[in-house]
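Predicted, not measured: the structure shown is a model, and the values here were computed from it. In what follows, chains are A, B, ... by sequence order, proteins preceding strands, each numbered from 1.
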Protein chains: 4
Amino acid sequence: MTTSPNSRPRTRATASKKRLFAASMQLLGARGPNAVSVDEIAQIAGVSKGTVYYNFGSKDKMIGQVLEFGADMLVAELVEASTLSEPRDALRTMASIAIDFVEKYPSFAQIWISEQLRPESDWGDQITPVYTRVTSTIIEVIDRIVVLAQEEKQPVATAIFGAALFSARLRAASANPENRETILNSVLFIVGGLIATHEPVTDH
Amino acid sequence: MTTSPNSRPRTRATASKKRLFAASMQLLGARGPNAVSVDEIAQIAGVSKGTVYYNFGSKDKMIGQVLEFGADMLVAELVEASTLSEPRDALRTMASIAIDFVEKYPSFAQIWISEQLRPESDWGDQITPVYTRVTSTIIEVIDRIVVLAQEEKQPVATAIFGAALFSARLRAASANPENRETILNSVLFIVGGLIATHEPVTDH
Amino acid sequence: MTTSPNSRPRTRATASKKRLFAASMQLLGARGPNAVSVDEIAQIAGVSKGTVYYNFGSKDKMIGQVLEFGADMLVAELVEASTLSEPRDALRTMASIAIDFVEKYPSFAQIWISEQLRPESDWGDQITPVYTRVTSTIIEVIDRIVVLAQEEKQPVATAIFGAALFSARLRAASANPENRETILNSVLFIVGGLIATHEPVTDH
Amino acid sequence: MTTSPNSRPRTRATASKKRLFAASMQLLGARGPNAVSVDEIAQIAGVSKGTVYYNFGSKDKMIGQVLEFGADMLVAELVEASTLSEPRDALRTMASIAIDFVEKYPSFAQIWISEQLRPESDWGDQITPVYTRVTSTIIEVIDRIVVLAQEEKQPVATAIFGAALFSARLRAASANPENRETILNSVLFIVGGLIATHEPVTDH
DNA sequence: AATGAATGAGCATTCATTCAT
DNA sequence: GATGAATGAATGCTCATTCAT
């Protein structure tokens with residue numbers, strides 16, 4: 001996925017890099033960057049610590065790439081779901097996807113939330129922040145439901161993303177998680193409120 | 001105990017502890033626990049490092065107390081706002097308070113969001129998680145607006161809190177922050193959706 | 001005991017000092033100087049840490065005095081036993097006393113053994129090293145058994161003390177301690193060897 | 001493992017570890033574990049502090065290995081001496097070896113004496129305590145001299161070891177040390193006493 | 001391409017000691 | 001006589017990073 005399919009077979013590319021990616025996704029997703037050391041990642045990947053620096057240059061750069069990879073995973077799924085013919089089904093499915101993702105990689109939610117905080121850049125000149133990519137997908141779907149003023153779109157999408165992310169995060173942390181349907185409904189109340197107060201999109 | 005009212009002037013009582021609290025709020029609120037060292041806190045507080053341990057026992061215990069203090073600050077304001085006669089005004093004011101708080105102590109949002117993740121307990125047995133205290137306040141207000149099934153309440157309140165927290169967090173990180181009113185509206189669309197689909201509370 | 005009986009009653013002398021002495025004997029005897037902090041001693045004595053410095057000046061000075069006190073305790077008992085009419089009974093009793101003492105205050109043996117090592121002085125300008133006081137008592141008894149050349153006396157007494165101390169120390173550390181009688185016999189074999197190779201003392 | 005015989009020159013292999021060992025033997029032998037810091041050991045070894053942790057994992061583990069190494073040194077010499085054809089010569093030589101060792105590494109005696117005290121284990125699960133290895137060697141020699149009941153053997157050997165260790169320790173600390181011969185004689189009086197009261201071993 | 005030995009700055013924590021009250 | 005708040009030097013340890021091979 002990361003390595004766009006070349007025409008040539010590319011025998012093994014970088015086995016070490018792949019293993020490091022896998023180990024990082026697992027460890028970072030579960031415990032976050034600060035709680036994971038380069039030693040541990042290398043050990044679980046079954047390579048030497050030096051290999052991390054050979055392949056990625058620094059811990060931060062590696063984290064950046066892993067984060068991007070995780071974001072790509074999530075966004076790809078969201079984008080696919082966003083094409084469902086019925087936009088409200090699309091949103092519901094997208095929220096459901098978010099719940100699954102956060103359950104699998106709990107600390108990604110936390111990282112994305114804090115990602116904008118960094119004053120300079122830690123893991124990141126980070127091409128596009130995750131939330132931007134997600135909210136623009138959300139906006140596309142919303143645009144198929146109601147007519148919103150331009151300056152309303154981003155805040156509405158942000159609210160939806162925040163509600164979904166936080167609900168999912170809490171559900172993942174809970175011993176006996178809330179009913180998934182109830183959470184989806186709660187998040188989608190935002191759309192209900194939108195519809196109740198805005199003009200619906202007329203199909204051309 | 002420390003502040004037992006003496007008849008004598010009591011020049012500066014436990015000035016050190018207060019200074020440490022202030023420095024911690026500032027530093028922790030801005031950069032989060034991992035990014036702040038005991039040295040730095042002590043230095044900014046103008047006391048020696050040993051004083052931290054004399055007064056708090058450990059870095060974690062200190063952070064726990066500071067976090068609790070910050071939570072108390074926010075919750076107290078929210079509770080006060082929740083008593084406004086018009087429940088929708090109350091919610092709007094509460095969201096506004098959250099925005100201000102997050103702007104002042106950006107990393108608190110992040111900490112609270114990740115607070116449930118900790119398997120055991122890092123900064124103590126943390127009486128009640130912040131989100132619980134906040135959502136129960138939100139629920140009180142919502143109960144004055146619509147009639148909700150018991151199992152719907154917590155998820156709805158969670159969604160509202162998540163939307164507000166995330167929006168506020170993003171606004172705080174942004175160079176040219178979104179219009180506050182637009183954010184408030186977006187968060188409150190959840191309430192709009194609620195009203196559109198639930199029976200309103202009848203005033204006796 | 002420490003305060004040689006004055007003619008005047010000496011109402012309470014220093015209650016704090018006594019409590020510190022008691023706590024120190026207990027803690028130091030069990031765990032040794034390095035493993036015990038001033039905080040802990042003060043806490044168990046039920047006084048403030050400052051009181052230690054008020055009464056003793058420093059941790060080392062306090063330890064020195066406690067060590068001396070412990071040595072006085074042991075030596076007093078040994079001296080008393082040494083007056084038994086039958087010198088071999090005296091030696092056996094003295095060894096038995098050593099076993100009891102080491103069992104009660106295990107780390108005293110260790111401290112006394114390392115006491116001579118200190119290059120300068122840690123806890124001490126320590127009047128007379130414990131081993132000197134003990135061996136001179138041993139020598140007095142031995143002189144009643146056999147005739148020894150002057151330069152033999154100290155080494156023989158040292159060997160006896162070492163054998164007794166080490167045996168006692170090991171017994172104290174053992175889960176199911178060796179039979180006390182067997183230990184006493186083993187130590188006293190030194191005397192047996194002496195008698196077998198030296199002229200017995202003729203009573204005038 | 002570290003020293004697997006390579007065909008290639010192997011310039012300096014694990015020079016750091018060796019240097020750390022040498023420095024530790026010197027420093028620990030002279031002043032004991034508590035009085036020596038990791039910084040100091042690393043500095044004298046001419047490596048960085050991190051190297052200690054890279055090679056040994058912790059200060060305690062390093063001390064454990066150094067202690068074991070020292071014990072191996074002593075025991076190896078004792079075992080060799082124990083094979084002398086004349087058992088009493090063997091014992092005398094062993095005592096002499098102990099004196100030399102203690103003179104060179106004064107604090108080892110102290111550590112070994114206190115080694116059994118540790119409730120849990122500080123420097124590791126310490127394979128076999130030194131005193132056990134030494135006394136079993138002593139017992140082998142004694143068995144060639146007299147017939148002892150099984151339960152007498154350990155206490156007698158312990159007394160001999162204690163007498164030798166303590167005498168050696170005192171001699172090492174003394175400004176003008178006692179005559180070595182006199183000390184050896186004193187320790188060996190235990191054997192004299194044994195012979196005087198027990199049946200000698202009959203040669204086949 | 002990969003390794004692993006080595007580094008050193010940074011960190012949380014301990015503890016004997018001081019001193020104003 | 002006694003206290004307890006405050007100190008600061010010292011310590012064991014972690015970890016991202018470098019580099020010769």
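- Considering only side-chain N and O atoms, Ser48(D) lies under 4.0 angstrom from the phosphate OP1 or OP2 of dT7(E).
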Decide yes or no on side-chain contact (heavy atoms from CB on, under 4.5 Å) for Ile41(B) and Met62(B), but give the supporting numbers first. CA-CA 11 Å; Ile41(B) 293 175; Met62(B) 181 189 219; 4.2 Å; yes
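- Between Asn55(A) and dA1(E) there is no side-chain N or O to OP1 or OP2 distance below 4.0 Å.
- The distance from atom CD of Glu40(A) to atom P of dC15(F) is 9 Å, rounded to the nearest whole Å.
- In plain terms, the two heavy atoms of Arg19(A) and Ala45(A) that are nearest each other are NE-O, 2.7 Å.
- Rounded to an integer number of Å, the gap from CD of Gln43(C) to C1' of dA16(E) is 17 Å.
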Dot-bracket, DNA chain F: Watson-Crick or G-U, under 3.5 angstrom, [ ] crossing, | other strand? .||||||||||||||||||||
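- Following rounding to the nearest Å, Met62(D) (CE) and dC13(F) (P) show an atom-to-atom distance of 12 Å.
- Using a 4.5 Å heavy-atom cutoff, the side chains of Lys104(C) and Met73(C) are not in contact.
- Atom C1' of nucleotide dT7(E) and atom CG of Leu20(D) are separated by 13 Å, given to the nearest angstrom.
- Between Lys59(D) and Val36(D), the shortest heavy-atom distance links the atoms NZ-O, 2.8 Å.
- One atom, CZ of Arg19(B), and another, P of dA6(F), lie 11 Å apart when rounded to the nearest Å.
- Between Phe108(A) and Leu28(A), the closest heavy-atom pair is CE1-C, 4.4 Å.
- Val47(C) comes within 4.0 angstrom of sugar-phosphate atoms only, judged by non-hydrogen atoms across all strands, and of no base.
- Between Phe21(A) and Phe69(A), the ring planes are perpendicular. Angles over 60° get that label, and only those under 30° would be called parallel.
- Across the protein-nucleic acid pair, Phe56(D) atom CZ and dA6(E) atom P stand 11 Å apart, rounded to whole Å.
- Looking only at distances, a side-chain donor or acceptor of Ser37(A) sits under 3.5 Å from a matching main-chain atom of Glu40(A).
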Nucleotides 11-15 of chain E: which of its N/O atoms have a protein N/O under 3.5 Å away?
{"from": "dA12(E)", "atom 1": "OP1", "to": "Lys59(B)", "atom 2": "NZ", "distance (Å)": "2.6"}
{"from": "dA12(E)", "atom 1": "OP2", "to": "Val38(B)", "atom 2": "N", "distance (Å)": "2.9"}
{"from": "dT13(E)", "atom 1": "OP2", "to": "Tyr53(B)", "atom 2": "OH", "distance (Å)": "3.0"}
{"from": "dT13(E)", "atom 1": "OP2", "to": "Lys59(B)", "atom 2": "N", "distance (Å)": "2.9"}
{"from": "dT13(E)", "atom 1": "O4", "to": "Lys49(B)", "atom 2": "NZ", "distance (Å)": "2.9"}

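- Distance Ile41(B) CD1 to dG10(E) P: 17 Å, rounded to the nearest Å.
- Cation-pi geometry between Lys17(C) and Tyr54(C) is not met at under 6.0 angstrom from the ring centre and within 45 degrees of the axis.
- For dA2(F), neither phosphate oxygen OP1 nor OP2 lies less than 4.0 angstrom from any side-chain nitrogen or oxygen of Tyr54(C).
- Checked by atom type and distance alone, the side chain of Ser58(D) pairs as donor or acceptor with a backbone atom of Lys61(D) at under 3.5 Å.
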